[in-house]
Amino acid sequence: MADVEFVPDHRGLAQLLRGAEMHDLIMDRARGGAQFAEAIAPRRTGEYAAGIHAEDGGLGGRRRDRPVGLIVATAPHSAAVEWGNDHQNHPHHVLARTIDIVEAG
(Lines give C-alpha, C1' and ligand atoms only; values in the text may rest on other atoms or scores of the structure.)
Protein backbone atom coordinates (compact mmCIF):
# COMPACT_ATOMS: atom_id res chain seq x y z
CA MET A 1 0.00 0.00 0.00
CA ALA A 2 1.34 3.42 -0.94
CA ASP A 3 2.05 6.00 1.69
CA VAL A 4 -0.15 9.07 1.51
CA GLU A 5 0.94 12.45 2.77
CA PHE A 6 -1.43 15.36 3.29
CA VAL A 7 0.11 18.80 2.90
CA PRO A 8 -2.38 21.49 3.90
CA ASP A 9 -2.61 24.62 1.81
CA HIS A 10 -2.67 27.14 4.66
CA ARG A 11 -3.14 30.13 2.38
CA GLY A 12 -6.00 28.44 0.60
CA LEU A 13 -7.67 27.48 3.88
CA ALA A 14 -7.25 31.02 5.21
CA GLN A 15 -8.80 32.41 2.02
CA LEU A 16 -11.72 30.01 2.41
CA LEU A 17 -12.26 31.01 6.06
CA ARG A 18 -12.23 34.73 5.19
CA GLY A 19 -14.42 34.43 2.11
CA ALA A 20 -17.95 35.59 1.44
CA GLU A 21 -19.32 32.04 1.47
CA MET A 22 -18.04 31.45 5.01
CA HIS A 23 -19.44 34.80 6.13
CA ASP A 24 -22.82 33.87 4.65
CA LEU A 25 -22.70 30.46 6.36
CA ILE A 26 -21.86 32.01 9.72
CA MET A 27 -24.66 34.56 9.41
CA ASP A 28 -27.16 31.88 8.35
CA ARG A 29 -26.28 29.91 11.48
CA ALA A 30 -26.65 33.05 13.64
CA ARG A 31 -30.05 33.84 12.11
CA GLY A 32 -31.20 30.25 12.65
CA GLY A 33 -29.98 30.41 16.23
CA ALA A 34 -31.86 33.66 16.81
CA GLN A 35 -35.05 32.06 15.46
CA PHE A 36 -34.58 29.09 17.78
CA ALA A 37 -33.93 31.36 20.78
CA GLU A 38 -37.01 33.40 20.01
CA ALA A 39 -39.08 30.22 19.80
CA ILE A 40 -37.95 28.90 23.21
CA ALA A 41 -37.91 32.29 24.99
CA PRO A 42 -40.28 32.68 27.92
CA ARG A 43 -43.07 35.16 27.31
CA ARG A 44 -44.54 37.36 29.98
CA THR A 45 -44.66 40.55 27.90
CA GLY A 46 -42.99 39.33 24.70
CA GLU A 47 -40.29 42.01 24.99
CA TYR A 48 -37.48 39.51 25.57
CA ALA A 49 -38.41 37.29 22.61
CA ALA A 50 -38.93 40.29 20.34
CA GLY A 51 -35.46 41.60 21.21
CA ILE A 52 -33.58 38.49 20.06
CA HIS A 53 -31.82 38.84 16.71
CA ALA A 54 -28.65 38.02 14.78
CA GLU A 55 -25.93 40.59 14.16
CA ASP A 56 -22.83 40.62 12.03
CA GLY A 57 -20.00 40.67 14.56
CA GLY A 58 -17.39 41.78 12.05
CA LEU A 59 -14.09 39.94 12.30
CA GLY A 60 -12.84 37.98 15.28
CA GLY A 61 -10.48 35.20 16.17
CA ARG A 62 -6.92 35.46 17.39
CA ARG A 63 -5.87 37.47 14.33
CA ARG A 64 -9.20 39.30 13.93
CA ASP A 65 -9.60 37.75 10.49
CA ARG A 66 -12.56 35.37 10.87
CA PRO A 67 -16.22 36.26 10.36
CA VAL A 68 -18.32 36.36 13.52
CA GLY A 69 -22.07 36.02 13.84
CA LEU A 70 -23.75 37.09 17.07
CA ILE A 71 -27.06 36.13 18.64
CA VAL A 72 -28.15 39.11 20.72
CA ALA A 73 -30.89 39.64 23.28
CA THR A 74 -31.53 43.37 23.72
CA ALA A 75 -34.35 43.54 26.30
CA PRO A 76 -33.26 45.35 29.49
CA HIS A 77 -34.00 42.22 31.54
CA SER A 78 -32.15 39.78 29.23
CA ALA A 79 -29.47 38.96 31.82
CA ALA A 80 -32.15 38.14 34.40
CA VAL A 81 -33.90 35.81 31.95
CA GLU A 82 -30.62 34.08 31.12
CA TRP A 83 -29.09 33.76 34.60
CA GLY A 84 -31.83 34.75 37.05
CA ASN A 85 -31.67 37.34 39.83
CA ASP A 86 -33.53 38.31 43.02
CA HIS A 87 -36.74 38.90 41.04
CA GLN A 88 -36.29 36.09 38.50
CA ASN A 89 -35.36 33.00 40.49
CA HIS A 90 -35.65 30.59 37.57
CA PRO A 91 -32.89 31.18 35.00
CA HIS A 92 -34.00 30.07 31.53
CA HIS A 93 -30.55 29.86 29.86
CA VAL A 94 -32.12 30.65 26.49
CA LEU A 95 -28.88 31.76 24.84
CA ALA A 96 -26.81 28.96 26.39
CA ARG A 97 -29.29 26.37 25.09
CA THR A 98 -29.29 28.10 21.73
CA ILE A 99 -25.51 27.97 21.42
CA ASP A 100 -25.61 24.23 22.19
CA ILE A 101 -27.96 23.77 19.22
CA VAL A 102 -25.99 26.05 16.89
CA GLU A 103 -22.71 24.32 17.70
CA ALA A 104 -24.23 20.86 17.25
CA GLY A 105 -25.21 21.78 13.72
Side-chain angles (χ1 to χ4, degrees):
M1 188 175 280
D3 290 337
V4 176
E5 182 180 349
F6 172 70
V7 180
D9 177 358
H10 294 288
R11 287 184 183 176
L13 289 171
Q15 187 175 11
L16 176 68
L17 290 172
R18 292 183 198 120
E21 290 176 348
M22 184 60 69
H23 178 265
D24 291 346
L25 174 66
I26 295 292
M27 289 309 301
D28 283 348
R29 296 301 297 266
R31 283 188 287 273
Q35 289 174 342
F36 175 81
E38 185 178 347
I40 67 169
R43 286 174 170 76
R44 285 190 188 164
T45 66
E47 181 182 17
Y48 176 74
I52 298 173
H53 65 276
E55 288 183 3
D56 186 332
L59 298 175
R62 190 177 70 208
R63 296 182 181 166
R64 313 296 271 163
D65 63 350
R66 302 292 190 259
V68 174
L70 304 173
I71 301 169
V72 180
T74 59
H77 58 288
S78 295
V81 172
E82 188 69 16
W83 298 298
N85 66 15
D86 291 340
H87 304 290
Q88 169 67 35
N89 60 4
H90 176 70
H92 292 277
H93 305 296
V94 172
L95 297 178
R97 292 165 39 208
T98 298
I99 294 305
D100 289 344
I101 295 297
V102 170
E103 287 180 344

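Summarising the geometry of R29 relative to I101, their closest heavy-atom pair is NH2-O, 4.2 Å, with the distance given to 0.1 Å. The nearest pair of heavy atoms linking A41 to A49 is CB-CB, 3.9 Å. Across all their heavy atoms, P91 and G84 have their closest contact at CB-N, 3.6 Å. Residue A75 comes nearest to Y48 through the heavy atom pair CB-CA, 3.8 Å, listed as atom of the first residue, atom of the second, then distance. Listed here is the closest heavy atom pair of A37 and V94: O-CG1, 3.6 Å.
Checked against R66 for a side-chain contact (heavy atoms from CB on, under 4.5 Å), the options L59, L17, I26 give a single hit: L17. Exactly one of H87, E47, Q88 qualifies for a side-chain contact (heavy atoms from CB on, under 4.5 Å) with H77. That residue is E47.
Under the 4.5 Å side-chain heavy-atom criterion for ILVMFWY residues, no single connected hydrophobic cluster contains both L25 and V102.
No side-chain heavy atom of F36 sits less than 4.5 Å from a side-chain heavy atom of I71. Between S78 and I52, the closest side-chain pair of non-hydrogen atoms is not below 4.5 Å.
Residues meeting the side chain to side chain contact (heavy atoms under 4.5 Å, CB included) test with V68, sequence neighbours left out: L70.
Atom CG of L16 sits about 10.5 Å away from atom CG of D9, to the nearest 0.5 Å. Annotation: the span from E82 atom CD to T98 atom OG1 amounts to 8.0 Å, rounded to 0.5 Å. Separating the NE2 atom in H93 from the CH2 atom in W83 is a distance of 10.0 Å, to the nearest 0.5 Å. Summarising the geometry, atom NE2 belonging to H23 is positioned 5.5 Å from atom CE belonging to M27; distances are rounded to the nearest 0.5 Å.
Here salt bridge (charged side-chain N to carboxylate O under 4.0 Å, His left out) pairs that include residues 12-28, with residues two or more places apart or in two chains, are R18-D65, D28-R31.
In this structure, R43 places its CZ atom where more than 12 heavy-atom neighbours from other residues, nucleotides or ligands lie under 6.0 Å away.
Judged by distance alone, with hydrogens and angles left aside, the side-chain atoms of R64 form no donor-acceptor pair with the main-chain N or O of G58 at under 3.5 Å.
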